[in-house]
Amino acid sequence: MCGITGWVSFDRDLLAEPPVVRAMTDTLRRRGPDGSGVWTGRHAALGHHRLAVLDPSGGVQPLVAPTPDGPVVITYSGETYNFAELRAELASMGHRFRTSCDTEVVLLGYLEWGPDVARRLNGMYAFAVWDARVDRLVLVRDRLGIKPLFYRSTPDGLLFGSEAKAIFAHPLSRPAIDTDGLREMVAHSLSIDQPVWAGLRHVPPGAAVTVDRGGLRTRPYWRLTAHDHRDSLPETVETVGALLQDGVRRQMVADVPVCVLLSGGLDSSALTAMAAAQLGPLGESVASYSVDFADHTDMVEADLERPEADAPFVREVVRHLSTRHTNVLVDADEIAEPRIRRETVAAYDLPPTSQDRDRSLYLLFREIRQRCTVALSGESADELFGGYHWNHDPHVQQAAAFPWIAGLSGYGQLRSALRPELSRSLDLDTYLHDLYATAVAEVDTLPDDSPLERRMRVSSHLHLTRILRVLLERKDRLSMAVGLEVRVPYCDHRLVEYVHNAPWHMKSHDGREKSLLRAVSRGLLPAGVLERRKSAYPTLRSTRHAQVLQEQAAELLRHPDQPLFDLIDPRWLAAAVRVPPESLPAATRNGIEDVLNLTVWLDLYKPEVRLR
């Protein structure tokens with residue numbers, strides 16, 4: 001895993017501009033602490049910071065393929081899990097390899113197939129290829145958007161980077177947020193290509209963006225489509241199991257230590273069991289990690305999202321699979337430290353909206369990185385297999401809204417803290433309605449779908465193309481901030497395509513959530529874990545933590561002239577501070593967290609605010 005960046009300019013000679021690209025590259029140091037490189041040509045300059053996972057000695061980037069008509073250069077972030085098969089295919093076609101890394105496979109694949117090489121890749125990736133033969137830049141992002149890639153058009157070319165901070169290191173780009181960006185921030189970034197930052201764009205998942213002297217074009221190479229599902233339930237369970245086992249096998253390949261994130265839930269426990277099955281014949285055991293609070297008494301609040309603690313189930317899986325387990329204890333006072341909040345905001349380039357979960361996850365990753373470089377995680381299982389409680393709520397199924405918004409009473413707490421006149425001008429209800437309509441219009445359905453099947457196909461598509469990206473972004477930013485690569489086997493596009501098209505009656509055949517995954521896991525896990533109800537990532541709910549949040553918010557109120565209060569209603573914050581901490585509602589507590597994150601973000605980036 002790595003950080004990539006670059007600059008294309010058709011009107012100037014970039015051979016004289018290496019310091020600019022080095023500055024852009026340096027912003028990504030934490031994503032790739034094992035080395036860096038810059039390649040500069042006349043009209044393009046590419047930068048790279050490397051986290052060495054495959055071929056540590058041979059995978060130095062940017063990587064250049066000389067040709068008689070000019071060099072072809074790649075800067076690549078991510079992993080291609082089928083690189084061995086592609087390497088063999090390219091070798092049979094006459095290509096010769098200088099390294100054993102997957103980046104060279106992608107580069108030579110581009111020489112053979114052009115941008116269509118993306119269709120052949122199984123993995124998580126974001127990469128840029130400068131083709132000096134035709135003076136063309138190609139930006140490519142993986143199918144589900146696991147790896148980030150931003151770009152900004154300039155009058156004579158383009159800037160790009162794994163993170164917005166790389167683009168802001170260029171003199172032509174400065175941080176700014178406009179009305180649409182603020183809407184995106186409050187709505188939790190549900191647009192496909194519109195980031196919060198004004199002037200920036202995402203390369204859409206499953207798409208290639210090309211820029212040459214003729215302009216900029218975006219071309220999708222993959223989308224989630226509808227197909228008839230003809231397999232029986234037993235055949236479906238068998239196929240899902242085979243695809244998931246193969247995905248885990250591929251994603252455990254690395255030249256560095258690999259571990260599994262284990263919560264004791266069905267998703268992570270199934271991954272751990274499959275990883276153990278891969279390592280057992282080799283005489284090895286799985287390294288697993290979980291997170292808990294140092295003093296969990298009065299720390300974790302049971303609710304619909306978190307009905308029970310993780311720890312007993314983690315212990316059960318560890319005993320059953322004999323993993324080499326580490327339970328990382330996170331201190332509540334450390335979570336509240338302004339320094340940790342500042343580091344997580346800097347990792348995101350945005351104000352995080354997952355409250356203390358961001359900071360505890362960051363601390364977990366920081367600890368794991370002391371021993372491991374790669375971790376497997378269970379992202380996408382809920383979105384893929386129908387794991388959320390609202391998937392099974394008839395009222396949510398019928399609602400003309402994003403299911404997680406209809407199913408969560410506390411979604412988007414920053415909205416309640418905005419200045420009333422600003423909230424009215426944003427018109428978030430209309431914005432979310434329009435976003436939802438746009439998202440639904442993208443869904444491919446079948447003519448003979450029943451009304452229920454169509455609704456659930458739409459729901460699956462929304463989860464996999466919208467809310468999953470938010471979760472993947474969180475995992476990428478917080479892990480890469482400490483140089484940890486997190487892989488997500490449930491995001492294997494073969495598995496996603498297959499399960500998405502399985503009918504809803506199969507996905508809920510035992511009357512519960514994640515029926516297919518539970519069926520696949522029978523015989524792999526203890527009964528208690530197999531039948532466990534879904535429980536979300538733990539959230540800190542101590543009275544002491546609420547008190548610290550209120551104290552930090554009260555300090556903000558002592559400085560009424562700061563930019564924060566151009567956006568936030570001080571009356572809302574003052575009322576939140578006055579509530580006894582032991583009685584502070586979860587929604588208000590979350591709102592205070594969002595305001596504190598926003599304060600740090602404004603201080604770090606000092607964005608120009610352009611509100612209509």
Side-chain angles (χ1 to χ4, degrees), residues 4-17 20-21 24 39-47 62 65 67 69-77 106-107 109-111 113-119 121 125-143 145 147-164 166-176 178 180-181 184 191-223 438 442 610:
I4 67 173
T5 189
W7 176 17
V8 170
S9 174
F10 296 109
D11 292 344
R12 60 198 301 175
D13 186 351
L14 297 188
L15 290 169
E17 302 283 358
V20 174
V21 180
M24 296 170 69
W39 177 91
T40 306
R42 184 175 180 186
H43 294 301
L46 307 182
T67 79
D69 300 313
V72 178
V73 191
I74 188 171
T75 181
Y76 176 92
S77 169
V106 178
L107 176 58
Y110 175 86
L111 291 181
W113 300 300
D116 281 343
V117 65
R119 300 179 185 274
L121 304 181
Y125 46 83
F127 62 89
V129 174
W130 172 250
D131 192 337
R133 299 172 300 180
V134 290
D135 278 358
R136 178 180 66 185
L137 181 76
V138 180
L139 302 175
V140 178
R141 194 171 177 205
D142 64 68
R143 292 168 178 83
K147 291 290 102 184
L149 188 53
F150 297 86
Y151 70 90
R152 180 174 207 146
S153 296
T154 64
D156 69 333
L158 178 139
L159 307 170
F160 70 88
S162 295
E163 297 178 4
I167 297 174
F168 294 146
H170 193 285
L172 292 177
S173 183
R174 290 290 179 265
D178 57 17
D180 287 338
E184 269 296 286
S191 175
I192 287 291
D193 63 352
Q194 171 66 60
V196 167
W197 296 107
L200 266 62
R201 289 289 182 269
H202 295 291
V203 175
V209 171
T210 62
V211 61
D212 55 26
R213 295 180 186 277
L216 184 147
R217 294 167 297 283
T218 300
R219 182 172 64 90
Y221 66 87
W222 182 86
R223 62 186 293 262
T438 299
E442 297 170 359
R610 311 167 183 164

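Position 1 is the first residue of the sequence; numbering continues from there. Not measured: the values here are computed from a predicted model.
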Trainee: Please check: side-chain N/O of Thr75 versus main-chain N/O of Leu46, any donor-acceptor pairing under 3.5 Å?
Mentor: no
Trainee: Quick check, are the ring centers of Tyr76 and Phe127 under 6.0 angstrom apart?
Mentor: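 Ring centroids of Tyr76 and Phe127 are less than 6.0 Å from each other.
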Trainee: Mind checking what makes side chain to side chain contact (heavy atoms under 4.5 Å, CB included) contact with Asp69, not counting sequence neighbours?
Mentor: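 Scan of Asp69 (side chain to side chain contact (heavy atoms under 4.5 Å, CB included), adjacent residues dropped) gives Thr67, Arg133.
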Trainee: Do Leu158 and Leu137 make a side-chain contact, defined as non-hydrogen atoms from C-beta onward lying under 4.5 Å apart?
Mentor: yes
Trainee: For the residue pair Leu149 and Phe160, establish whether any side-chain heavy-atom pair is separated by less than 4.5 Å.
Mentor: yes
Trainee: For Phe168 and Trp197, I'd like to know if the aromatic rings sit close, meaning centre-to-centre distance below 6.0 Å.
Mentor: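 Under 6.0 Å, so yes.
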Trainee: Determine whether Arg42 and Asp135 satisfy the following criterion, salt bridge (charged side-chain N to carboxylate O under 4.0 Å, His left out), listing intermediate values before the conclusion.
Mentor: CA-CA 10 Å; Arg42 184 175 180 186; Asp135 278 358; over 6 Å; no
Trainee: Just wondering, do Thr40 and Val21 contact through their side chains at under 4.5 Å, heavy atoms?
Mentor: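 With C-beta onward as the side chain, the pair stays apart.
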Trainee: Should Val140 and Tyr221 count as side-chain neighbours, where that means a heavy-atom distance under 4.5 Å?
Mentor: yes
Trainee: Keeping the roles fixed (side chain from Arg223, backbone from Glu442), state whether a donor-acceptor pair exists under 3.5 Å.
Mentor: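 Checking the backbone N and O of Glu442 against the side chain of Arg223, a donor-acceptor pair under 3.5 Å is found.
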Trainee: Does the distance from a Lys or Arg side-chain N to an Asp or Glu carboxylate O, for Glu17 and Arg12, drop under 4.0 Å?
Mentor: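 Salt bridge present between Glu17 and Arg12.
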Trainee: Do the side-chain N and O atoms of Tyr125 and Arg143 include a donor-acceptor pair separated by under 3.5 angstrom?
Mentor: yes
Trainee: Judged by modelled atom types alone, do Tyr110 and Asp131 share a side-chain donor-acceptor pair under 3.5 Å?
Mentor: yes
Trainee: Are Leu121 and Val106 packed together at the side-chain level, in the sense that at least one heavy-atom pair is separated by less than 4.5 angstrom?
Mentor: yes
Trainee: Measure the shortest side-chain to side-chain distance between Val209 and Leu216 over non-hydrogen atoms and say whether it is less than 4.5 angstrom.
Mentor: yes
Trainee: Taking only residues two or more places apart in sequence, or in another chain, which ones meet Asp180 in a side chain to side chain contact (heavy atoms under 4.5 Å, CB included)?
Mentor: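 Counting only residues at least two positions away or on another chain, Asp180 forms a side chain to side chain contact (heavy atoms under 4.5 Å, CB included) with Asp178, Arg183, Arg612.
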Trainee: Side chain to side chain contact (heavy atoms under 4.5 Å, CB included) with Phe150: which of Val203, Ile167, Leu159?
Mentor: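 Of all the options given, the one that passes is Ile167.
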Trainee: Classify the ring geometry between Trp130 and Phe10 as parallel (under 30°), tilted (30 to 60°) or perpendicular (over 60°).
Mentor: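 The arrangement is tilted - the two ring planes meet at 30° to 60°.
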Trainee: Do Gln194 and Glu184 have side chains that get closer than 4.5 Å, going by heavy atoms?
Mentor: yes
Trainee: Please find the pair of heavy atoms, one from Ala169 and one from Met24, that lie closest to each other, and give the distance.
Mentor: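 Scanning both residues, the minimum pair turns out to be CB-CA, 3.8 Å.
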Trainee: May I ask you to decide whether Asp11 forms a salt bridge with Arg213, counting only side-chain N to carboxylate O separations under 4.0 Å?
Mentor: no
Trainee: Taking the side chain as every heavy atom from C-beta outward, state whether Asp142 and Pro205 have any atom pair closer than 4.5 Å.
Mentor: no
Trainee: Minimum heavy-atom separation for Leu139 and Ala128, please, with both atom names.
Mentor: CD2-CB, 3.5 Å
Trainee: Quick check: closest heavy atoms across Arg152 and Ser173, and the distance to 0.1 Å?
Mentor: NH1-OG, 2.7 Å
